[in-house]
Amino acid sequence: MTIKEIAKLAGVSTATVSRIINNSGKVKEETRIKVQNIIDQNNYRPNQVARTLFKKKSNIIGIIVPDLSNMFYSKIIEGIQNIIDNTNYSLMISFGAGSDDKKYIDFIRKFQQENVDGIITSAFSGEYVTKIKTPIVMYDSANIEDNIIRIASDNKAGGKLISKFLNKNIKKVLIQHLDLSLPTVAERFNSLIAELNKRDITYNLVAVEGLSKKHASQKVLENIKHFDAVISVNDEYAADIIKESRLNGFKIPEDFQLVGYDNTNLAQYTDPTISTIDQQAFEIGKAAARRLIDRIDGNKNTENTIIPVKALKNESTK
């Protein structure tokens with residue numbers, strides 16, 4: 001298929017199609033969607049990519065990261081780099097996708113225009129990913145069975161291990177959480193709740209979606225006197241709770257116990273240090289790189305890789 005054929009199908013000029021492909025110039029959103037759907041349906045690649053196809057490989061791997069400032073993702077990149085250093089591949093990183101599916105798709109399209117050999121991306125939803133011809137591996141994923149290679153932390157085990165930090169005197173728990181419809185969040189949350197129910201521990205939920213860490217921490221502290229422990233989203237949110245607690249005259253773990261998640265370096269530098277669940281982000285990165293290289297080399301196996309988690313008890317729990 002050519003640009004002229006795309007333009008004819010869409011009922012627009014070749015110049016309009018060119019602007020959409022190159023993401024330059026103003027185009028109506030409905031026109032862009034119409035043209036992009038035709039491009040996707042026909043698996044069209046821009047000419048500049050076609051000219052590079054005589055090469056067997058570009059030796060470039062694209063990586064998509066939701067938030068480069070998050071230490072968890074930084075550790076994953078280190079793990080990927082650890083494997084890639086021993087190969088002939090180079091890395092191309094796009095970051096800032098957050099939870100925006102459109103940004104993930106835009107990044108993937110740009111990687112394809114650069115003719116990357118494969119893509120390692122944080123998990124995102126949508127049917128688009130199943131149509132991608134470029135080898136792809138998703139990390140930070142739930143254990144979902146499909147035709148995508150997924151590197152998943154053992155989220156269910158993580159939920160169980162969180163409950164083990166709570167001693168027999170804990171009766172009421174406050175749980176910070178992200179969007180519970182997210183598969184990774186749901187796996188961990190459901191496992192945790194099952195354990196709390198077994199022990200007759202009551203709990204309240206505090207949603208943090210769209211809140212700054214400071215605002216999220218303040219919401220936790222508003223009614224903290226009614227709770228024995230706080231289970232935080234991750235170590236970064238837990239660290240902010242420690243900061244806000246000190247400003248408001250609360251002591252941890254004397255007034256309430258606190259549990260984080262991820263085992264980033266931050267967990268060891270707070271006062272008190274944070275009891276946390278180690279997702280082994282470095283190992284997640286290594287596994288993602290190995291699986292992608294294996295896929296590029298022709299292995300069609302799409303079985304998920306599950307990375308075990310570890311509980312690390314520190315000063316924020318008794």
Side-chain angles (χ1 to χ4, degrees), residues 60-87 89-101 103-108 111 116-126 128-130 132 134-159 178-179 182-188 233-236 261-265 276-297 299 301-310:
I60 297 174
I61 290 173
I63 302 177
I64 301 176
V65 182
D67 179 6
L68 200 58
S69 67
N70 188 314
M71 288 184 248
F72 173 69
Y73 296 119
S74 300
K75 206 69 179 176
I76 288 175
I77 294 174
E78 287 182 26
I80 294 171
Q81 187 74 60
N82 179 267
I83 299 301
I84 298 303
D85 281 345
N86 298 313
T87 70
Y89 290 101
S90 298
L91 299 179
M92 181 182 294
I93 301 177
S94 290
F95 59 91
S99 58
D100 188 339
D101 286 356
K103 286 187 178 180
Y104 282 95
I105 293 170
D106 287 344
F107 286 153
I108 287 172
F111 283 154
V116 299
D117 293 331
I119 298 169
I120 300 173
T121 176
S122 177
F124 66 98
S125 60
Y128 176 82
V129 70
T130 62
I132 297 170
T134 307
I136 189 166
V137 170
M138 284 188 167
Y139 65 86
D140 196 22
S141 172
N143 186 19
I144 300 169
E145 296 297 334
D146 53 19
N147 66 343
I148 302 166
I149 298 173
R150 297 177 181 271
I151 313 300
S153 169
D154 193 342
N155 296 301
K156 293 181 180 179
L178 296 170
D179 184 352
L182 295 173
T184 50
V185 177
E187 281 185 347
R188 186 199 309 176
V233 172
N234 56 33
D235 296 341
E236 293 188 5
Y261 210 89
D262 289 345
N263 189 34
T264 59
N265 292 338
T276 186
I277 304 298
D278 185 359
Q279 292 200 76
Q280 301 198 85
F282 188 75
E283 296 301 321
I284 290 174
K286 288 169 64 177
R290 288 194 189 105
R291 291 297 304 276
L292 181 66
I293 292 170
D294 201 31
R295 186 63 182 267
I296 292 170
D297 290 342
N299 190 328
N301 177 24
T302 60
E303 182 180 357
N304 295 336
T305 297
I306 310 299
I307 305 298
V309 297
K310 302 175 181 178

Query raised in the report: Any side-chain heavy-atom pair from Tyr89 and Ile296 closer than 4.5 angstrom?
Result: yes
Query - CD1 on Ile149 to CG on Asn301, rounded to 0.5 Å - result: 7.0 Å
Report task. Check whether the side chains of Arg150 and Thr305 place a donor and an acceptor atom closer than 3.5 Å, and report yes or no. Result -> no
Requested in this report: Kindly say whether Glu303 contributes a backbone atom to a donor-acceptor pair with the side chain of Arg291 at under 3.5 angstrom?
Outcome: yes
Report summary line: Scanning both residues in full, the closest heavy-atom pair of Pro135 with Arg295 reads CB-CG, 3.9 Å
Query - Distance-only polar pair, side chains of Asp140 and Ser153, donor-acceptor under 3.5 Å - result: no
Report summary line: For Tyr261 and Val233, the nearest pair of non-hydrogen atoms, with its separation, is CB-O, 3.6 Å
**Report entry** Spacing of CD1 belonging to Ile63 relative to CZ belonging to Phe111, to within rounding of 0.5 Å
**Finding:** 8.0 Å
Report task. Determine whether Thr121 and Tyr104 make a side-chain contact, defined as any pair of heavy atoms from C-beta on separated by less than 4.5 Å. Result -> yes
Report summary line: In short, Ile284 meets Tyr139 closest at the heavy-atom pair CG2-CB, 3.9 Å
Report task. Start with the C-alpha distance between Glu187 and Asn143, add both sets of side-chain angles, then the distance that settles side-chain contact (heavy atoms from CB on, under 4.5 Å), and finish with yes or no. Result -> CA-CA 9 Å; Glu187 281 185 347; Asn143 186 19; 3.8 Å; yes
Report task. Would you give the length of the straight line joining atom OG of Ser141 to atom CG of Asp146, rounded to the nearest 0.5 angstrom? Result -> 7.5 Å
Query - Gap between atom CG of Leu91 and atom CD1 of Ile60 - 0.5 Å precision - result: 10.0 Å
Query raised in the report: Does Ile83 reach the side chain of Ile293, with side-chain heavy atoms less than 4.5 Å apart?
Result: yes
Query raised in the report: Does CZ in Phe282 sit with more than 12 non-hydrogen atoms of other residues, nucleotides or ligands closer than 6.0 Å?
Result: yes
Query raised in the report: Under 4.5 Å between any side-chain heavy atoms of Ser125 and Asp101, yes or no?
Result: yes
**Report entry** Within-4.5 Å side-chain heavy-atom neighbours: Asp154 and Ile307
**Finding:** no
Query raised in the report: side-chain contact (heavy atoms from CB on, under 4.5 Å) between Glu236 and Asn70: does it pass, once the steps are laid out?
Result: CA-CA 8 Å; Glu236 293 188 5; Asn70 188 314; 3.8 Å; yes
Report summary line: Taken to the nearest 0.5 Å, the spacing of Phe95 CZ from Ser69 OG works out to 9.5 Å
Query - Atom of Ile80, atom of Gly285 and distance for their closest heavy-atom approach - result: CG1-O, 3.3 Å
Query raised in the report: Tell me, do Val129 and Ile148 make a side-chain contact under 4.5 Å, heavy atoms counted?
Result: yes
Query raised in the report: With a 3.5 Å cut-off and no angle check, do the side chains of Asp235 and Thr276 form a donor-acceptor pair?
Result: yes
**Report entry** Pair Arg188-Lys156, side-chain contact (heavy atoms from CB on, under 4.5 Å): steps then yes or no
**Finding:** CA-CA 5 Å; Arg188 186 199 309 176; Lys156 293 181 180 179; over 6 Å; no
**Report entry** Leu292 side chain reached by Asp294 side chain, heavy atoms, under 4.5 Å
**Finding:** no
Report task. For the pair Ile119 and Ile61, evaluate side-chain contact (heavy atoms from CB on, under 4.5 Å) and give the outcome as yes or no after the intermediate values. Result -> CA-CA 6 Å; Ile119 298 169; Ile61 290 173; over 6 Å; no
Query raised in the report: Under the criterion side chain to side chain contact (heavy atoms under 4.5 Å, CB included), which of Gln279, Lys75, Met71 is the partner of Thr264?
Result: Met71
Query - Shortest non-hydrogen contact between Ala289 and Ile84, atoms and distance - result: CB-CD1, 4.3 Å
Query raised in the report: Going from CZ on Phe72 to OG on Ser122, what distance comes out if it is rounded to the nearest 0.5 angstrom?
Result: 8.0 Å
Report task. Would you sort out whether Gln81 and Asp85 count as a side-chain hydrogen bond (donor to acceptor under 3.5 Å, both in side chains), showing the intermediate values? Result -> CA-CA 6 Å; Gln81 187 74 60; Asp85 281 345; 2.7 Å; yes
Report task. With the side chain counted from C-beta on, respond yes when Thr134 and Asp117 share a heavy-atom pair under 4.5 Å apart, and no when they do not. Result -> no
Query raised in the report: Can you name the nearest heavy-atom pair linking Val309 to Ile277, along with the distance?
Result: CB-CG2, 3.8 Å
